[in-house]
Amino acid sequence: MEWETVIGLEIHVQLATKSKIFSGSSTAYGAAPNTQASAIDLGMPGVLPVLNEDAVRMAVKFGLAIGAKIAPRSVFARKNYFYPDLPKGYQISQYELPVVEHGVLDIDLEDGSTKRIGVTRAHLEEDAGKSLHEDFEGMTGIDLNRAGTPLLEIVSEPDLRSAKEAVAYMKKMHSLVRYLEISDGNMQEGSFRCDANVSVRPKGQKEFGTRAEIKNLNSFRFVERAINYEVERQIDLLESGGTVVQETRLYDAQKNETRSMRTKEEANDYRYFPDPDLLPLDIEPAFIDAVRETLPELPDEKRDRFMKEYELPAYDAGVLTASRELAAFYEHVVQESGRQGKLSANWVMGDLLGALNKAGLDITESPVTPQMLGGMLKRIQDNTISGKIAKDVFEAMWNGEGEADEIIEKRGLKQVTDTGAIEAMIDEVIAANPQQVEQYKAGKDKLMGFFVGQVMKASKGKANPAQVNELLKQKLG
Amino acid sequence: MSLGPAEVKNIAHLARLDIDESLIPDYAKNLSDILAFVEQMNAHATEGVEPMAHPLDMSQRLRPDEVTERDQRELFQRIAPATEAGLYLVPKVIE
């Protein structure tokens, strides 16, 4: 039988506020345990939560970016469960009335088409603390620094049909929250993590199959692997006459498998109810308008503009706009290079990203600045150096030997465009290779490449290849 | 709506309350009475009335995003039964 996979994702995004969602504690990562946990975060009696304005602003910004409805009134609710890293015995979240509803996100598929994925809702909530199980004999250590950190939980419609689509959606969302500057998106630190609801159904069937929820996936690779494993597992189960049970499963990256955590019967009964400590959140149109003013150019808009303005293919534009920093770097290079869109794209995507990747550096840490790269491209454009020599110049710039002009000058890399000088070299090559000349004249056209190579070698790569070609043809008749 | 012994036990479990088996019928009656009290609301036509999320008809005040709390770990951990290396220690829990 042919099966269809149905996936919905819940993404938890840590918002980039300075202080927590309901208290004035710092949210900075990496502090000594429990030094950023105040009486409010600890759930001490008699304290009251007060909502962080910037957390609301960021949620609204996100909602506007995905064309969603911003609720004029939303409500905070208590989600009740017991766990030691949740000091109050409940998590403050939003349930029936979330702040953001009904948005969309367009993802790019491998075949070049785009697909629109529905975003059901996004709501504000607080994070829990961290449990450390390893280091204490028979005990668990609790660090509550993270407790109360603002999260935006983004819930998609079950519109995704493969692990690849799920990853494309997650990557797009990751790029978006970073564009919006509402999260640093740091996955190692847990700022961007996701749960996947996965089910399968016979192709053509309308009703959804029974789903399993895979918890806490914190890398793009794990999302893809965990979903693929889970889909296989469910299909095998159904094809051997079994049934899928609704349950929560954990992904074990080491073994590359998912395993049951709890079934529906054991599922937590969260007993949501409106939090009496917090009044309803009213968002005025003026507040929304003010946030709209702060929206940057979004990834899709930027990509379309790059295609038009710099005449880039869709692929290049997509790669260069994947992050705001990379896009800015590229545009700066274009400017410095005398507006050479495609040449700049080739160098940024090829040599620069390759070198950064190899060195494990971010675009913002590039030793070659946009000025330096753009300056070098100018020299390619005005024929001072060839594209081949430029590779050496780039490497020298990367190694801190200075700007392109300096390096060209110091190393004498200036391209030879003097016809007389090139002709002299050609004459030498012809004189030194009488056999090849004869063969060429007898019709072995392929040898042209050999001659060009010899002349380039004689010029130490500095002769202008186009000129060499032309002059050779003349000389060899 | 009235509650039976199984429901009372479930509610007690959810609230992590250790209740005396012999008192279950009493709890069942008391809780059922509370539900019956609230049930009276159903006698009123509430169609078209927007439910209130809070008894006060006001909206949430927002605070500026500023760090105002200082580290008081030592003070808070003075009342904790067990701490080590700045962490609160609890009986081992692994889900």
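Each chain gets a letter, A, B and so on, in the order the sequences are listed, and its residues count up from 1. Fair warning: this is a prediction, and the values are worked out from it, not measured in the lab.
When all heavy atoms of A:I283 and A:V60 are compared, the closest pair comes out as CD1-CG2, 3.9 Å. A:P49 and A:F22 make their closest contact through CB-CB, 3.5 Å (heavy atoms, listed as atom of the first residue, atom of the second, distance). Here the closest heavy-atom approach between residue A:N145 and residue A:K20 is recorded as O-NZ, 2.7 Å.
Contact annotation for A:A39: both backbone and side-chain heavy atoms come within less than 4.5 Å of a heavy atom of chain B. For chain B, no part of A:S131 is nearby; none of its heavy atoms comes within less than 4.5 Å. Interface remark: A:V50 contributes backbone and side-chain atoms alike to the contact with chain B (heavy atom separation under 4.5 Å). Heavy atoms of A:A32 lying under 4.5 Å from chain B belong to its backbone as well as its side chain. Both the backbone and the side chain of A:P280 come within less than 4.5 Å of a heavy atom of chain B. Using a 4.5 Å cut-off between heavy atoms, B:I11 makes no contact with chain A at all. Residue B:E74: no heavy atom, backbone or side chain, is found under 4.5 Å from chain A. Contact annotation for A:R57: neither backbone nor side-chain heavy atoms come within less than 4.5 Å of a heavy atom of chain B.
Ranked by non-hydrogen atom pairs under 4.5 Å with chain A, the options B:V90, B:D71, B:L62 are led by B:V90. Each of A:I40, A:L278, A:V75 has some count of heavy-atom pairs under 4.5 Å with chain B, and the biggest count is that of A:L278. The choice from A:A55, A:A28, A:S38 that makes the most heavy-atom pairs within less than 4.5 Å of chain B is A:S38. Interface summary for chain A: among B:Q77, B:R61, B:M58, the most heavy-atom pairs under 4.5 angstrom belong to B:M58. Contact count versus chain B (heavy atoms, under 4.5 Å) is highest, among A:L144, A:D41, A:L42, A:D143, for A:L42. Taking chain A as the reference chain and counting heavy-atom pairs below 4.5 Å, the highest number among B:M52, B:R70, B:R16 is found for B:R16. Of the listed residues (A:K18, A:K130, A:E96), the greatest number of heavy-atom pairs within a distance under 4.5 Å of chain B belongs to A:K18.
Side chain of A:R178 to backbone of A:D184: a donor-acceptor contact under 3.5 angstrom is found.
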Salt bridge (charged side-chain N to carboxylate O under 4.0 Å, His left out) evaluation trace for B:E50 with A:R73: CA-CA 12 Å; B:E50 206 181 311; A:R73 167 164 275 213; 5.5 Å; no
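Proximity of A:S19 to A:N52: side-chain heavy atoms (C-beta onward) are separated by under 4.5 Å at one or more points. A:L180 has its side chain within reach of A:L295: a pair of non-hydrogen atoms, C-beta onward, lies under 4.5 Å apart.
A salt bridge links A:R78 with A:D277: the closest approach of a Lys/Arg side-chain nitrogen to an acidic carboxylate oxygen falls below 4.0 angstrom. Between B:D26 and B:K29 there is no salt bridge, since none of the side-chain N atoms of the basic residue sits less than 4.0 Å from a carboxylate O of the acidic one.
Taking the six-membered ring for Trp and thresholds of 30 and 60 degrees, A:Y251 and A:F222 have ring planes inclined between 30 and 60 degrees apart.
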